[in-house]
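Encoded as structure tokens, the structure appears first; notes follow it.
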Amino acid sequence: MSIPPDSTALGTSKENQNGPNRRHFLYLGTAAVGAAGVAATAWPLIDSMNPASDALALATVEVNIASIQPGQMIVVTWQGKPTFIRRRTEDEIKQAQDVDLSILRDPEPDSARVQRPEWLILVGVCTHLGCVPIFDGNNLRLSDPDFGGWFCSCHGSQYDTSGRIRKGPAPYNLPVPHYSFLSESVIRIG
Amino acid sequence: MLHKSQFNNPLIQWIDTRLPIFTFIQNEYGKFQVPRNINYLWAFGAIATLSLAVLFVTGILLSMHYIANTAMAFASVDHIMRDVNYGWLLRDLHANFSSFFFAAIYIHMARSIYYGSHKNPRELLWIIGVLIFVLMIATGFLGYVLPWGQMSFWAATVITNLFSAFPGIGDSIVTWLLGGFSVDNPTLNRFYSLHFLLPFLLLAVLGLHINALHVVGCNNPTGLEPQMPQDTVSFHPYITVKDLLACCLFLIVVSVFVFFAPTYWGHPDNFIPANPLVTPSHIVPEWYYLWLYAILRAIPDKLGGTVAMFGAVLVLFVVPWLDTAKVRSLTFRPTARFFFWLLIIDITVLSFCGARSPEGVWVLLARIGTGYYFTYFLIIMPLIGLFERARLVPASLSEALSLKKAVRGAVLLLAAGGLMLSLAGHAWADPELPAHVWHQSGPFGTIDPQQAQRGFQVYKEVCSGCHALKLVPFRTLQGIGFTEDQVKTIAAQWPYLVDDEPNDEGKILKRAPRPYDRMIGPFANEKEAQATMGGSLPPDLSLIVKARHGGEDYLTAVLTGYQNPPPDGFKLIEGRYYNRYFPGHQISMPQMLQDDSVTYADGTKATVEQEAEDVATFLSFVADPTQDQRKHLGIRVIVFLLLFSGLMYLCKRVIWRDAH
């Protein structure tokens with residue numbers, strides 16, 4: 001279609017009568033209300049990708065720890081992540097408590113990482129890139145027997161008996177989940 | 001060679017000289033000249049595009065939660081409705097917008113024929129449009145199969161079997177389409193894949209459609225080509241503001257359905273999981289396929305019916321050549337206009353026929369309707385162009401504008417579309433049920449937690465002996481006012497146990513349910529249920545309110561509708577009971593609710609009617625736990641849209657004041 005451009009473009013003849021300010025106020029107001037509507041619409045769309053309520057309902061697990069002997073560890077799944085429940089020996093506890101905090105990359109006393117010194121509960125996900133570290137009690141791969149904890153075979157991060165980062169690329173200690181002792185033998189994680 | 005850009009902004013200019021996309025947008029959506037007299041029927045192209053966009057966004061989000069597996073598809077859709085944040089909104093938007101996408105396209109097509117938009121030089125534009133329509137039909141059908149309800153399954157079966165009508169190779173085609181010898185997992189998987197693919201093809205074809213439009217330009221109600229600058233306006237802002245206003249009004253209409261009647265266009269049977277052994281007594285497609293379905297059934301021959309149905313769509317491709325008239329717009333062709341409106345009525349009647357059981361007068365009507373449909377396109381349309389005497393056509397668009405005609409057509413077309421929509425949706429009759437007043441009915445109604453809790457008590461003490469709620473986790477009960485601890489206790493004391501995780505010896509033991517477990521019933525599977533219940537199967541009650549015509553009214557009617565002895569002359573099968581409202585009147589379930597079947601803690605007198613209403617309320621809640629949230633959000637959305645439409649209307653008036 002070869003039609004010459006329209007000459008009756010916005011705001012020519014009657015602009016002065018209508019008042020350009022009132023007109024612009026109307027356009028801006030409408031655009032603002034429209035933008036608010038679009039923004040409000042975006043939320044349900046984004047939120048639909050957050051965990052659904054069935055996933056949230058599984059956000060806590062209860063674990064019976066009565067049968068775990070000192071020096072033993074079980075791995076349970078919490079929120080789909082491996083969670084270590086380790087009953088530490090006297091030596092491990094002492095090792096964890098005797099560390100000079102000033103040499104730690106992510107300084108945290110052992111007492112801040114356990115509720116009862118015997119029980120160490122950790123999310124078993126390396127803070128480097130998410131692999132599951134292996135407990136290396138025999139110090140086969142740990143570079144210092146003082147560490148006595150976990151070795152991540154992906155990129156060589158080393159954790160001590162409190163799950164604190166000692167060597168390797170990981171920036172932080174293994175996280176401690178929120179948990180509570182429901183009784184002497186049952187803990188709830190999450 | 002660099003493109004010469006008109007833009008001053010250095011970044012835009014830099015891009016535009018290398019890839020003139022901004023020039024393209026400005027030419028096609030800014031300066032593009034459109035006849036100034038197009039009416040609101042021309043907005044349905046924009047409305048359809050908006051619908052497509054909503055379907056894309058919601059569809060992609062739904063696909064993140066949907067599982068295309070026959071064992072899990074139905075439950076995954078229920079999971080979307082129940083557990084996914086705003087999942088109900090995504091699903092209700094997707095289902096309703098597919099309906100309204102068709103509605104918009106039907107109006108768009110009818111408008112094209114009415115104003116002669118398919119005629120020279122717009123033949124290819126029309127043909128590409130029909131191609132979009134064909135892709136829509138295919139995509140809509142494929143999508144309807146995915147929820148894997150009874151209607152989904154049997155729609156898949158019936159539609160794929162259409163191809164068996166072709167002599168010789170028909171059966172091989174069907175086997176190839178299904179990937180097996182019946183509709184099964186391979187079918188569902190490929191339908192899902194294709195339901196994802198076809199919309200992208202549609203989008204590509206839509207690109208061609210819009211491109212073709214921007215070459216030949218918009219038609220207008222007079223059908224006359226614009227000749228002078230004052231005959232047209234630029235697309236922006238004149239048409240954009242008009243389209244936006246129309247889209248807002250359209251959104252209000254759709255929102256009413258999405259938020260207050262989300263299953264209005266659907267069918268209760270699709271809330272029953274697919275069962276390859278039982279065909280529902282009355283299967284119908286969605287309303288937008290009803291006229292095609294009627295044409296299929298009108299011909300008493302398998303191949304003939306199939307050919308007629310495909311032909312009804314294919315004939316649209318050649319409409320530009322079947323229409324021999326010189327004058328485009330029916331505004332100036334009274335005789336052709338008469339036959340056009342007859343066609344609209346005809347398609348509406350066919351839609352009614354498609355919704356009814358193919359018996360009696362409906363067969364005859366469907367045949368007459370089919371006859372007229374093809375007569376219109378193949379005989380009336382070519383002949384009328386040759387013989388009719390058109391009214392005096394104005395010499396130019398400017399002259400026509402001073403006459404101010406063609407508005408009536410727009411109003412009539414809209415009214416016809418609305419009538420067809422509202423009637424065809426409810427063309428099947430609900431059984432006569434005593435109506436109750438429900439606390440949860442109406443746009444402002446909410447579930448009464450007190451009543452729902454009483455209903456839960458009835459369910460637990462009476463119904464749960466046979467009927468499970470296997471899609472409903474115990475934690476759902478917090479929605480009717482039970483506390484977290486109460487729910488824990490209810491789950492722990494549930495009479496039926498669930499499988500635990502394997503213990504240290506690898507044995508799977510039973511344990512009491514926890515709040516995240518579902519309300520299972522006494523039977524491990526359907527076989528056990530049938531063996532225990534003397535052959536009959538107590539249905540799962542999770543979605544029963546949605547899966548029966550009449551919902552809560554129907555449940556209450558059945559629970560209180562027993563009659564002993566049955567009316568004179570009624571032959572009751574051994575082991576069945578007479579019920580006034582159960583289809584066929586023979587029900588396997590004895591009258592379970594009696595006065596004082598339960599003792600209510602809140603002192604409410606436990607009459608049969610009270611118990612029935614309470615349990616129906618509870619089941620309404622579990623079938624649709626987000627219903628209160630849905631209505632609440634709906635009111636806010638509609639208030640917002642009304643406000644926004646008001647502002648849009650003011651903008652439109654201010655902008656168009658310059659054009660008149």
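Small disclaimer: the values here were computed from a predicted structure and weren't measured. We name chains A, B, ... by the order of the sequence lines, and we start the count at 1 in each one.
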Can you name the one residue among B/I38, B/V34, B/I655, B/T232 that meets side chain to side chain contact (heavy atoms under 4.5 Å, CB included) with B/Y238?
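With B/Y238 as partner, side chain to side chain contact (heavy atoms under 4.5 Å, CB included) holds for just one option, B/I655.
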Which portion of [X] sits near chain A, non-hydrogen atoms under 4.5 angstrom:
| X | result |
| --- | --- |
| B/M648 | both |
| B/R82 | backbone |
| B/L90 | side chain |
| B/V241 | neither |

Do B/T222 and B/N220 get their side chains close enough for a donor-acceptor pair, meaning under 3.5 Å?
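B/T222 vs B/N220: donor-acceptor pair found between side chains.
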Electrostatic pair B/E225-B/R122, nearest N-O below 4.0 angstrom:
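Yes, this pair counts.
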A/S153 and A/R141, any side-chain heavy atoms less than 4.5 Å apart
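Answer yes - side chains close enough.
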